[in-house]
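The structure appears below as structure tokens.
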Amino acid sequence: MSDPRILTVRPEPGEYAWTFGGAPPVARITPGTVLDLYTEDCFAGRVRSEKDLVSEVCEFPFLNPQTGPFHVEGAEPGDTVAVHFVSIEPARDWAASTTVPLFGALTSTHTTATLQPPLPETVWIWQLDRDRRTALFSARESDIEVELPMDPMHGTVGVAPANLEVRSALVPDAHGGNMDTPEMRAGVTCYLGVNVDGALLSLGDGHARQGEGETCGVAVECAMNTVVIVELLKGISTPWPRIESDTHIISTGSARPLEDAFRISQLDLVQWLVRDYGFSELDAYQFATQAVESPLANVCDTNYTCVAKLRKEWLPKRETHRGLHERMRETATTLGR
């Protein structure tokens, strides 16, 4: 196997994309390219202290900057782009989280409107120990400090939507986008259905860690140095973003209300079992019902995201996505990352 091409991209402040669709590509890449990327945090690096309130230092809708998009040569509607995360490493020794007025799962929002006043804006700065792989929580209203393990992930990865749509980088849907699932960590492969020529792949929104559901709407947000391998599966469609790890196959669904996001992820998992593992539809429905794990990704974004995952060890020994995850894992080991 020849050495993969490596493209390094370190965007300047004015070079990020804020949408999926509607932005010109920053580069054209061939399948098999390794992207060595810098991604900025969801605040574009503007929340740097407890005094930096989002409402004062950020300008809506310019939140959640994306590195990209990348035009994948040969990608056409009906194909699938595969993104293997080789490494996801915080680029700074600190990260930020905050409450945002009228945003989050436990407050009034624009779509769940009540007479309750918005929660106050409060910023927490998390200190990251990149050697010890920890993130330090420091309470604002007491002397409590707790070290949590880092679990770096990307909240946002996606391609251009179908039907000429342009979607904010804050919105998850069938194109991917701001899914905010902790499953999007190093070692996994994300499969995204192609909707336009070239796919137009972007990613960003690094989190040093995040609990399932992202309840307050904001994770431990930080800039990332991320390495991915991009491949192309011709003639394979992927209706909703899928993730494959060494241990699980994982379907996602994004919608409102929450039960519709749940249904989408469960249905996609059933259809995956039928297509690649030899199940009939009803057998897949029964098997998934008894074996699935269903963690929440986010219950705060414009659309909510649910995840449905199954252990590979419980599945028939069949190849999925042409065995691409295993091959990309092998390529990743040669990079020494």
Side-chain angles (χ1 to χ4, degrees), residues 78-86 88 151 153-159 172-177 179-194 201 203 210 212 228-255 260-298 304-332:
D79 297 338
T80 291
V81 165
V83 183
H84 182 77
F85 287 86
V86 179
I88 306 173
D151 187 9
M153 52 165 280
H154 271 280
T156 306
V157 56
V159 294
D173 211 310
H175 67 283
M179 297 176 284
D180 284 321
T181 172
E183 305 290 347
M184 205 72 73
R185 56 173 63 91
V188 309
T189 302
C190 176
Y191 302 103
L192 298 161
V194 176
L201 169 72
L203 68 154
Q210 179 209 299
E212 293 173 359
V228 299
I229 308 169
V230 181
E231 276 289 1
L232 178 63
L233 287 164
K234 293 294 295 180
I236 291 182
S237 63
T238 302
W240 285 87
R242 293 175 176 174
I243 304 168
E244 184 178 357
S245 72
D246 292 345
T247 58
H248 289 79
I249 63 169
I250 304 164
S251 289
T252 70
S254 298
D260 282 352
F262 175 85
R263 290 183 181 114
I264 291 168
S265 63
Q266 300 287 321
L267 174 62
D268 187 74
L269 189 67
V270 167
Q271 293 174 335
W272 194 350
L273 293 177
V274 171
R275 190 189 75 180
D276 290 355
Y277 290 94
F279 287 80
S280 71
E281 186 175 80
L282 282 180
D283 281 343
Y285 189 22
Q286 171 61 205
F287 181 78
T289 297
Q290 313 311 336
V292 71
E293 302 167 56
S294 304
L296 293 173
N298 90 79
Y304 301 149
T305 303
C306 287
V307 164
K309 54 190 288 192
L310 275 173
R311 295 178 184 271
K312 286 182 173 179
E313 63 183 297
W314 295 345
L315 295 173
K317 300 300 181 184
R318 304 285 178 90
E319 184 178 83
T320 184
H321 293 94
R322 297 176 183 159
L324 192 55
H325 172 74
E326 288 77 14
R327 297 202 303 276
M328 295 173 86
R329 282 288 262 166
E330 291 175 3
T331 301

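- Between A261 and A255, the shortest heavy-atom contact is CB-N, 3.7 Å.
- Legend: salt bridge (charged side-chain N to carboxylate O under 4.0 Å, His left out) pairs involving residues 262-277, not counting sequence neighbours, sorted by first then second residue: R242-D268, D260-R263.
- Residues I264 and S254 come closest through the heavy atom pair CD1-O, 4.0 Å.
- Partners of L296 under the side-chain contact (heavy atoms from CB on, under 4.5 Å) rule, at least two apart in sequence or in another chain, are L258, V299, C306.
- Once rounded to the nearest 0.5 Å, the distance linking NZ of K309 with CD1 of I249 reads 11.5 Å.
- In this structure the side chain of D246 reaches within 4.5 angstrom of the side chain of H325, judged on heavy atoms.
- Scanning all heavy atoms of the two residues, the minimum distance from A284 to V274 falls at CB-CG2, 4.0 Å.
- Within the model, atoms CG of L273 and CG of D283 stand 10.5 Å from one another, a figure rounded to the nearest 0.5 Å.
- Between E326 and K312 a salt bridge is recorded (basic side-chain N to carboxylate O distance below 4.0 Å).
- Rounding to the nearest 0.5 Å gives a distance of 13.0 Å between CG of L324 and CZ of R329.
- Separation of atoms CG (L203) and CZ (F85) is listed at 5.5 Å; rounding is to 0.5 Å.
- With sequence neighbours excluded, no residue satisfies side-chain hydrogen bond (donor to acceptor under 3.5 Å, both in side chains) with H175.
- Within the model, atoms CG of N298 and CD of Q210 stand 7.5 Å from one another, a figure rounded to the nearest 0.5 Å.
- Pairing each heavy atom of I88 with each of A186, the nearest pair is CD1-N, 3.6 Å.
- Annotation for F262: atom CZ does not count as buried by contact number, only 12 or fewer foreign heavy atoms lying within 6.0 Å.
- A search for side-chain contact (heavy atoms from CB on, under 4.5 Å) contacts involving L267 returns Q271, not counting sequence neighbours.
- Contacts of T252 classified as side-chain hydrogen bond (donor to acceptor under 3.5 Å, both in side chains), with partners at least two apart in sequence or in another chain: none.
- With sequence neighbours excluded, the residues satisfying side-chain contact (heavy atoms from CB on, under 4.5 Å) with D79 are E76, V194, L232, K234.
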N/O donor to acceptor pairs below 3.5 angstrom from side-chain atoms of residues 286-295, sequence neighbours left out:
unit_1, atom_1, unit_2, atom_2, d
Q286, OE1, Q290, NE2, 3.0
T289, OG1, Y285, O, 2.6
E293, OE2, H248, NE2, 3.1
S294, OG, Q266, NE2, 2.9

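- In this structure, CZ in R322 is found 6.0 Å from CG in L233, a value given to the nearest 0.5 Å.
- Residues A174 and P239 approach most closely at CB-O, 3.7 Å, considering heavy atoms.
- Residues forming a side-chain hydrogen bond (donor to acceptor under 3.5 Å, both in side chains) with T238 (at least two apart in sequence, or on another chain): T80.
- Under the side chain to side chain contact (heavy atoms under 4.5 Å, CB included) rule, C190 has a single partner from L201, V157, V81, which is V157.
- Residues W240 and S251 have side chains that never bring a donor and an acceptor to within less than 3.5 angstrom of each other.
- Considering T181, I243, L269 as possible partners of V307, the one that fulfils the side chain to side chain contact (heavy atoms under 4.5 Å, CB included) test is T181.
- Residues satisfying the side-chain contact (heavy atoms from CB on, under 4.5 Å) criterion with R185, sequence neighbours excluded, are D151, P182, E183, V188.
- Summarising the local packing, CD of E281 is surrounded by 12 or fewer heavy atoms from other residues, nucleotides or ligands at distances under 6.0 Å.
- Residues satisfying the salt bridge (charged side-chain N to carboxylate O under 4.0 Å, His left out) criterion with E319, sequence neighbours excluded, are absent altogether.
- For the ring pair (Phe, Tyr, Trp, His ring centres under 6.0 Å) test, residues two or more places apart in sequence or in another chain that qualify with Y191 are H321.
- In this view, E231 satisfies the side-chain hydrogen bond (donor to acceptor under 3.5 Å, both in side chains) rule with no residue, not counting sequence neighbours.
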